[in-house]
2 protein chains.
Amino acid sequence: MQERPAYLLVADELRHRIQRGRYPPGSKLPTFEELQRAYGVSEIVIRNAVALLRHEGLVDTRRGGGTVVRRRPQARRLAMDRYRAEGNLGVGGNPAAGNGPATSFTADHGIGWGEYRLSARYTTMGADAELAALFGVDLGTPLLRRRFVFHAREEPEQISVNFLPLDLVAGTPVADPAREPWPGGTPAQLASLGHPVTRIEESVSARMPTTAEAQTLRMSHGTPVFAILRLMISGDAVLEVCRHIVIPADRVVLDYRIDLAGPPGLSG
Amino acid sequence: MQERPAYLLVADELRHRIQRGRYPPGSKLPTFEELQRAYGVSEIVIRNAVALLRHEGLVDTRRGGGTVVRRRPQARRLAMDRYRAEGNLGVGGNPAAGNGPATSFTADHGIGWGEYRLSARYTTMGADAELAALFGVDLGTPLLRRRFVFHAREEPEQISVNFLPLDLVAGTPVADPAREPWPGGTPAQLASLGHPVTRIEESVSARMPTTAEAQTLRMSHGTPVFAILRLMISGDAVLEVCRHIVIPADRVVLDYRIDLAGPPGLSG
DNA sequence: CAGTGGTCTAGACCACGCT
DNA sequence: GCGTGGTCTAGACCACTGT
C-alpha cells in the first residue's frame, strides 16, 4: 500500500468538508497557518491542496482575504427558442411588442435595454480556409469581421467573433458599428437585408479559457468556457459564421430540443 | 508599471512557442533544469509555469518522461441525428439494415459491435425532488437507476447515470442488466415497450471533473467535462431521465440544429 | 497596521520512465 | 542506473484586504 501524498489527503479532507456543508458556500476556510498546525505539515502541502481545490473550481483565494468557498452562481438557461423571438422581431419590423427593444442576450440575462452594453470592433479580412469552407466561398473572399464583448450591468459575460460576407453588408447599416446594439440581434439584421434566417447550427465545445479570455471575462480560476461555433443559414446559404461565442461555463446551461416525431432524414 | 511574476513570464514564453509551432504537438519541452538555466530562475518558477500550462490543457507531464506538448485529439462530432437512427432501429424491429447492431455510441465512435463494451450497475430508488419534478411524479416514486460506463476499444469514454419509472420496466427485459448492450440503446428499449420517443431534450453544462470521474475516464489534467442532462419524451410523458452523461470535453463537439422555418411558438 | 495568501530561494529525497 | 518530474522542508520577502 503506497502512501498518498500529503497534499492530496488534505485536499480530500477539505473537499469532503465543503461538500458536507461543514464549510458552506461563502464561508472562509481556516488560514494556511491554522491548517498547517492542524495537519502537522509544512505550508507548501496546504498550498498545494488549496491550489487543487481552486483548480477544481471549489474555492477562491485572495491575498489578504483568505480562502472562500465559491458560491455556485445560478446558471442561466439559454434555450434555443430565443432565436425564434429574434427572428420574429426582425421580420415584424418594430420591436414594439413588449418592454422595448430586446435581444436573445437581454432575454437570457433578464435585463432591460439600458443595462445592456456591448463593445464592438469591426474589420475586414479575406476568408481563411475554415471560413471559406463554412461559407462555401473561395479563399480570400472579403468578409466583415465583428468582435463583440457583451456586458450585462457592466459585467462582461460573453465574447463573440463573427463574420458576414462583405458583399452582403457593405454600405448597409449592418456594417456600421455605431448602429449597435441592434434590437433583435443578427437575425434581425439579416432579416432587414431581406434574408430571414431559417436554420441555425451550433457546435458546442468546452475547454479552459485562454489567459486573454479569462481576463476579458473576469473569470475565476478553475472554470471552463463554452466555445460555440454558430452558423446562421437562410435557405441553403450560410450568411453568418460565428467562429466562437465564448461564455464562462459556470454561468449558463444550454438547452436543446430534438424532435423525432416528424419525418426522419431521407437517406437510409 | 508593476512587474509580472516570473513564472507567468516563463509560461507566456513557453505558451507562445507552443502556439507558434516551436514546440509542436507530441514534442518534449526542455527539462526543468535546462529551463532553469535558460531563464536564470529557481526550479519552483519553472514548476509553477509548467503547472499553469498543464492546467490550461496545453502540456502533459510525467515523472521521468518529461513535459510533452499535448496532441489535440480530434474531436468526434455528436450530431443529434444519431437519435433518429436509434428510434428507427427500435421501431423497425431488427437492426438488420447494415453492419449489424449499432447504437448512437458505436456510430459516434465509428466502432463495430465487438469493440463496444459497457459496464452496468442497476439499483432501485425512490425519486428525489429533482427527479420527481422532471418525471412529474410524486416524491419517492420507485425508479430503476442505471449507471453505465461506455467503453470503445476498452477505453472508457463516457459515464451515464439514468432513471426509468419502475412500473414501466419492472419484469421486462429492459430491467435486466444482462441484456446490455442493447442494439439501438434506450430509444429502442422504450420503443420495445410500446413508447416510441418523440422528443429529446438536452441541457448541456461544462465543468471540471470530480476526481472520481477523472479516474474512471482516465482523463488528463486540465480537461473539463460535458455534463448533459437528457430527457427522453414520448408524447407528453418523460420516460427516461439521464441525470448526467459525462464526457471529457476534449473528445467531442456537440452539434445541434435549430429550425426556424416552421411555425414559431404560439404565444406572443 | 496586522494578517493573509502569493512568489521565490536553496536544497533534499522520492517515484517513475526509459534504456 | 540515470535522468526526469513530484513532493516536501524551512525560511524570506512581497502584495493585497481588512480594520
Side-chain angles (χ1 to χ4, degrees), chain A residues 1-14 18 23 26-71 211 214-215 218-222, chain B residues 1-14 18 23 26-71 211 214-215 218-222:
Chain A
M1 169 136 178
Q2 44 198 350
E3 201 160 333
R4 223 166 133 66
Y7 80 100
L8 287 181
L9 296 176
V10 174
D12 288 346
E13 173 74 16
L14 293 175
I18 291 169
Y23 301 133
S27 70
K28 276 206 187 77
L29 259 56
T31 67
F32 282 17
E33 204 187 339
E34 286 169 334
L35 290 171
Q36 238 179 103
R37 279 203 306 272
Y39 291 103
V41 295
S42 83
E43 191 201 313
I44 196 157
V45 173
I46 303 300
R47 187 169 294 286
N48 285 344
V50 172
L52 185 57
L53 298 181
R54 199 179 48 206
H55 283 117
E56 288 172 1
L58 279 177
V59 301
D60 279 322
T61 56
R62 272 176 5 205
R63 284 183 173 170
T67 306
V68 184
V69 180
R70 192 181 295 181
R71 299 171 193 279
T211 48
Q215 207 161 355
R218 296 209 206 118
M219 295 179 57
S220 43
H221 289 103
Chain B
M1 167 133 181
Q2 45 198 350
E3 200 161 334
R4 224 165 132 68
Y7 79 99
L8 287 182
L9 296 176
V10 173
D12 289 346
E13 173 74 16
L14 293 175
I18 290 170
Y23 301 132
S27 69
K28 278 208 186 77
L29 259 56
T31 67
F32 282 16
E33 203 187 340
E34 286 168 335
L35 291 172
Q36 239 179 101
R37 278 203 305 272
Y39 291 102
V41 294
S42 83
E43 192 201 312
I44 196 157
V45 172
I46 303 300
R47 188 169 293 286
N48 285 344
V50 172
L52 186 57
L53 299 181
R54 197 181 48 207
H55 283 118
E56 288 173 1
L58 278 177
V59 302
D60 280 322
T61 56
R62 272 175 3 204
R63 285 182 173 172
T67 306
V68 183
V69 180
R70 193 181 294 181
R71 299 171 193 279
T211 47
Q215 207 162 354
R218 296 208 204 118
M219 295 178 57
S220 43
H221 289 102

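Predicted model, so just to flag it, every value in this text is computed and none were measured. Proteins get letters first, then strands, A, B, ... in listed order; numbering begins at 1 in each.
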* Can you check the A/Leu8 CG to D/dT7 P distance for me, whole Å? -> 7 Å
* Exceeds 12 heavy-atom contacts within 6.0 angstrom, atom CD of B/Glu34 -> yes
* Can you figure out which of C/dT4, D/dT7, D/dT17 approaches the side chain of A/Thr31 most closely? => C/dT4
* Structure fact -> Whole-Å distance, A/Lys28 NZ to C/dG3 P, equals 14 Å
* Atom-pair distance (CG on B/Leu29; P on D/dG5), nearest Å -> 9 Å
* Asked: How far apart are the closest heavy atoms of B/Asp60 and B/Ser220, and which atoms are they?
  -> OD1-CB, 3.7 Å
* Examine C/dT4: is either OP1 or OP2 under 4.0 Å from a nitrogen or oxygen in the side chain of A/Thr67? Give yes or no. => no
* Is any side-chain nitrogen or oxygen of B/Thr61 closer than 4.0 Å to OP1 or OP2 of D/dG6? -> yes
* **Spacing of B/Arg4 atom CZ relative to C/dG6 atom P, expressed in whole Å** => 16 Å
* To do: For the pair B/Leu14 and B/Leu35, evaluate side-chain contact (heavy atoms from CB on, under 4.5 Å) and give the outcome as yes or no after the intermediate values.
  => CA-CA 10 Å; B/Leu14 293 175; B/Leu35 291 172; 4.1 Å; yes
* Picking from C/dC8, D/dT4, D/dT7, which would you name as closest to the side chain of B/Glu33? -> D/dT4
* In whole Å, what is the span from the CG atom of A/Asn48 to the P atom of C/dT7? -> 13 Å
* **Per A/Arg62 side chain, nearest of listed nucleotides D/dT17, C/dT9, C/dT7** => D/dT17
* Atom-to-atom span, CD of A/Gln36 to C1' of C/dT4 - whole angstrom -> 13 Å
* Which of these nucleotides, D/dG5, C/dT4, C/dT9, is closest to any side-chain atom of B/Phe32? -> D/dG5
* Asked: Any side-chain heavy atom of A/Val68 sitting closer than 4.5 Å to one from A/Lys28?
  -> yes
* Asked: Between A/His55 and B/His55, how do the two ring planes meet: parallel, tilted or perpendicular, split at 30° and 60°?
  -> parallel
* **Closest listed nucleotide, where the reference is the side chain of A/Ile44 and the choices are D/dC8, D/dA12, C/dG5** => D/dC8
* To do: Choose from D/dG6, C/dC8, D/dT17 the nucleotide whose nearest atom is closest to any side-chain atom of B/Arg54.
  => D/dG6
* Per B/Arg47 side chain, nearest of listed nucleotides D/dT4, C/dC8, D/dG6 -> D/dG6
* **Spacing between A/Leu9 atom CG and D/dT7 atom C1', to the nearest angstrom** => 12 Å
* Under 4.0 Å between a side-chain N/O of B/Tyr7 and OP1 or OP2 of C/dT7, yes or no? -> yes
* Structure fact -> Atom CG of B/Leu35 and atom P of D/dT4 are separated, to the nearest Å, by 11 Å
* DNA chain D: A/Gly64 or B/Pro30, which has the more 5' nearest nucleotide? -> B/Pro30
* Among the candidates C/dT9, D/dC8, D/dC16, find the nucleotide nearest to the side-chain atoms of A/Arg63. => D/dC16
